[in-house]
There are 2 protein chains.
Amino acid sequence: MISIKDIARAADVSHSTVSRALRNSPLVNPETSLRIRTIAQEKGYRVSAVGRSLVNRRTDTIGVVVTSIADPFNAEIVSGIEEIALTHGYSLLLATCHSDPNREMLAVQSFYERRVDGILVSSSRVGSLYRPMLADMKVPIIFINSHHPDDDMFSVTIDNHNAGLQATRHLVQLGHKRIGYLGNQFGLQADTQRYAGYRSALEEVDIGFDPELVVHGNGGPENAKSATARLLALANPPTALFCFNDMSAFGAMCAAREHGLAIPSDLSVVGLDDLLLSSYAEPALTTIRQPKHEMGRLAAGTLFQLLSGNSPERFISMRGELIVRKSTVPPRSSADAISTNHQKSGAGA
Amino acid sequence: MISIKDIARAADVSHSTVSRALRNSPLVNPETSLRIRTIAQEKGYRVSAVGRSLVNRRTDTIGVVVTSIADPFNAEIVSGIEEIALTHGYSLLLATCHSDPNREMLAVQSFYERRVDGILVSSSRVGSLYRPMLADMKVPIIFINSHHPDDDMFSVTIDNHNAGLQATRHLVQLGHKRIGYLGNQFGLQADTQRYAGYRSALEEVDIGFDPELVVHGNGGPENAKSATARLLALANPPTALFCFNDMSAFGAMCAAREHGLAIPSDLSVVGLDDLLLSSYAEPALTTIRQPKHEMGRLAAGTLFQLLSGNSPERFISMRGELIVRKSTVPPRSSADAISTNHQKSGAGA
DNA sequence: GAGATCATTGCACACGTGTTCATACTAAAA
DNA sequence: TTTTAGTATGAACACGTGTGCAATGATCTC
């Protein structure tokens with residue numbers, strides 16, 4: 001591993017001069033500078049970012065922790081972050097925590113030890129426990145997809161309540177009266193808020209709320225499938241379903257078909273995310289588009305604002321956009337769906 | 001930012017003793033050690049990995065470059081890598097290159113400057129151009145999903161030829177005679193090999209090869225859609241389609257439906273990847289499962305073998321597994337599909 | 001009690017880079 | 001010629017950490 005001292009020896013100058021020459025400092029004679037840079041190139045020299053970081057007190061690196069990178073939602077957020085980081089010449093340190101608060105803390109601590117210049121956390125489960133930790137380490141942290149009402153926290157979220165409201169309103173306007181909610185793990189902030197939006201939409205039109213129509217998965221399709229099966233086994237099943245996210249919606253549609261129901265004629269489904277594949281599904285999924293990529297960009301942008309000494313907005317809240325596709329239609333009979341009590345041995349289509 | 005010198009001052013010892021105490025060295029008096037560690041904790045001290053890296057000459061960091069993290073295929077590979085890295089106490093530096101050889105090189109150079117202990121590159125587009133660069137920088141590199149026949153390269157791939165063979169054989173065995181191939185960008189190694197497998201399967205049973213039935217997308221659903229549309233507009237369209245990957249398969253199925261065809265009765269489709277959502281599609285996608293997570297694990301495992309001085313296998317080739325689901329059935333008439341020349345204004349189901 | 005062994009600690013240097021300050025030399029001005 | 005201003009360079013220190021070596025003092029052995 002060759003250092004500036006090596007090429008200093010080769011060029012018969014001090015390492016100071018080499019350092020200056022490589023950074024194109026006007027302090028060094030143009031001829032010597034060229035000679036040094038030539039030698040450096042010949043020897044295949046590359047600066048050591050670790051040596052440089054030690055003196056510059058910055059690593060040009062930001063840390064990103066997500067629940068799972070295999071989750072396309074997180075992947076798109078990271079994609080947005082990476083895009084902005086690249087334009088600033090920053091690198092990305094990635095860690096996953098699998099919704100484990102402990103692993104989340106460990107990841108953040110690891111980032112801190114590595115002296116990242118900033119940290120982005122998506123779907124944090126730790127929340128206010130960060131406070132004492134943040135007091136110690138003066139590293140700017142931006143939260144994505146979780147909001148903390150404390151003064152010194154920055155966050156980028158979508159308006160989850162509004163998203164739930166839009167999705168449910170859409171189903172209400174189609175004429176549905178028995179609308180189910182397929183949530184994520186209980187206690188998750190985004191779930192609570194989307195659920196609240198769902199409730200609000202029902203109250204707007206005086207549709208009686210039926211707790212039977214609320215089930216919880218874990219955000220993945222498999223859990224959504226079994227949760228939906230419970231819902232469809234009800235004596236008076238829903239005619240429409242609002243799902244926490246698109247992955248859950250896929251699982252729900254799968255369960256419905258196995259139950260002998262056709263989508264959307266027997267069951268309307270609306271998701272939330274608008275994943276790349278959602279528009280290619282059959283039927284194409286009606287959903288609330290979440291600007292994932294843009295959220296990543298904004299979060300990273302906020303961080304770089306902070307790093308350059310500016311005072312960006314603390315709480316950025318984005319609006320989801322309703323994308324109506326083919327998975328939602330009016331219910332079969334406008335006189336509610338009491339008559340359509342499907343048997344499990346029903347039409348196998 | 002507090003350093004060992006600060007707590008050395010506070011504990012009235014030399015920074016050497018602090019360094020030893022924090023690493024639980026047996027050389028330091030247990031009482032002093034405890035006192036030092038207490039002070040360190042009170043002050044919220046955390047080692048600087050950059051200082052440590054400078055002297056240890058290792059960063060406990062590996063670099064990963066993928067084409068796009070938003071691509072679920074890459075995301076799952078990264079997920080596998082991260083899992084193994086974590087067990088070794090390593091962190092992950094992530095970069096994307098968007099299939100641009102130049103950006104790929106820049107990413108690798110950035111990693112090198114940051115003195116990562118090893119590099120993983122998925123779907124490399126640069127190939128042998130690495131050689132001179134590798135000669136300079138003695139950082140172990142593992143390639144995923146691209147194979148380089150040079151001596152000093154390590155790689156983990158799936159047997160693409162075999163995958164193409166299995167997929168096409170499956171369609172042949174169902175009785176299809178006009179089988180299309182929807183490939184990725186021309187020149188991509190994986191595409192060439194899968195295409196070769198496709199050809200081999202056709203030759204096995206003496207099905208005449210028709211170059212009309214081969215089209216190329218870019219691995220994404222949108223391009224796949226338009227490419228498939230061209231295929232279906234043929235006077236004598238295919239009755240089955242082997243797609244480069246699952247994303248393409250989704251685009252292909254979408255195009256077929258817009259063309260008035262039913263999947264699988266009018267067109268059988270087989271993908272390659274087995275994404276999380278592939279089994280939840282309608283119809284559930286027949287595909288060749290690629291052990292993405294395992295490939296990431298193996299690649300990372302190979303790297304850590306190298307880092308610990310062992311000599312792991314150079315070329316790891318994995319077998320894809322045919323997963324038969326609902327998107328493939330025998331063709332409508334065994335007397336080929338000449339009669340089924342669908343009009344674009346056909347049944348709109 | 002003298003020498004030997006051991007436990008504990010500090011000094012000094014190293015890692016690779018950037019930067020301040022002083023120095024040596026050159027050229028211009030007086 | 002002397003002073004002044006300017007140019008080019010090196011010495012020295014700093015960043016935070018780890019470690020070989022020496023030094024100190026204590027305990028043990030005979």
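Worth saying up front: this structure is predicted, and the values here are computed from it rather than measured. Naming convention: chains lettered A, B, ... in sequence-line order (proteins, then strands); numbering from 1 in each chain.
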Practice task
Answer yes or no on whether A:R115 is positioned over the face of A:Y112, meaning its NZ or CZ is under 6.0 Å from the six-membered ring centre and within 45° of the axis.
Solution key: yes
Exercise for the section: Could you check whether the rings of A:H88 and A:F304 sit parallel, tilted or perpendicular, using 30° and 60° as the cut-offs? Expected result: parallel
Practice task
Have a look at A:V47 and say if it touches a base, only the backbone sugar-phosphate, or nothing, with a 4.0 Å heavy-atom cut-off.
Solution key: sugar-phosphate
Handout entry: Neighbours of DNA chain D within residues 17-35 of chain B, by heavy-atom distance under 4.0 Å
Key = B:S19, B:R20, B:R23
Problem - Distance (rounded to the nearest 0.5 Å) between A:E82 CD and B:T96 OG1 - result: 3.5 Å
Problem - Stretch residues 53-63 of chain A: residues that reach within less than 4.0 Å of DNA chain C through a heavy atom - result: A:L54, A:V55, A:N56
Handout entry: Listed nucleotide nearest any side-chain atom of A:R52, set C:dG18, D:dT19, C:dG16
Key = C:dG18
Exercise for the section: Could you tell me the separation between the OG atom of B:S155 and the CD1 atom of B:I141, rounded to the nearest 0.5 Å? Expected result: 12.5 Å
Completion exercise
Comparing nearest nucleotides in DNA chain C, the 5'-proximal residue of the pair B:G51, A:S16 is B:G51
Practice task
Establish, with yes or no, whether the OP1 or OP2 oxygen of C:dG10 is under 4.0 angstrom from a side-chain nitrogen or oxygen of B:S14.
Solution key: yes
Completion exercise
The residue among B:T59, B:T61, B:D117 that forms side chain to side chain donor-acceptor pair (under 3.5 Å) with B:Y90 is B:D117
Exercise for the section: Could you encode protein contacts along nucleotides 22-28 of chain D as a string, one character per nucleotide from 5' to 3', using B for base contact, S for sugar-phosphate-only contact and - for no contact, with a heavy-atom cut-off of under 4.0 Å? Expected result: -------
Exercise for the section: Check the distance between C:dA14's P and B:H15's NE2 and give it to me in whole angstrom. Expected result: 14 Å
Problem - side chain to side chain contact (heavy atoms under 4.5 Å, CB included) between B:R297 and B:E294, worked out - result: CA-CA 5 Å; B:R297 290 172 49 99; B:E294 185 64 17; 3.5 Å; yes
Practice task
Look at the side chain of A:Q290 and the backbone N and O of A:I158, then say whether any donor-acceptor pair between them is shorter than 3.5 Å.
Solution key: no
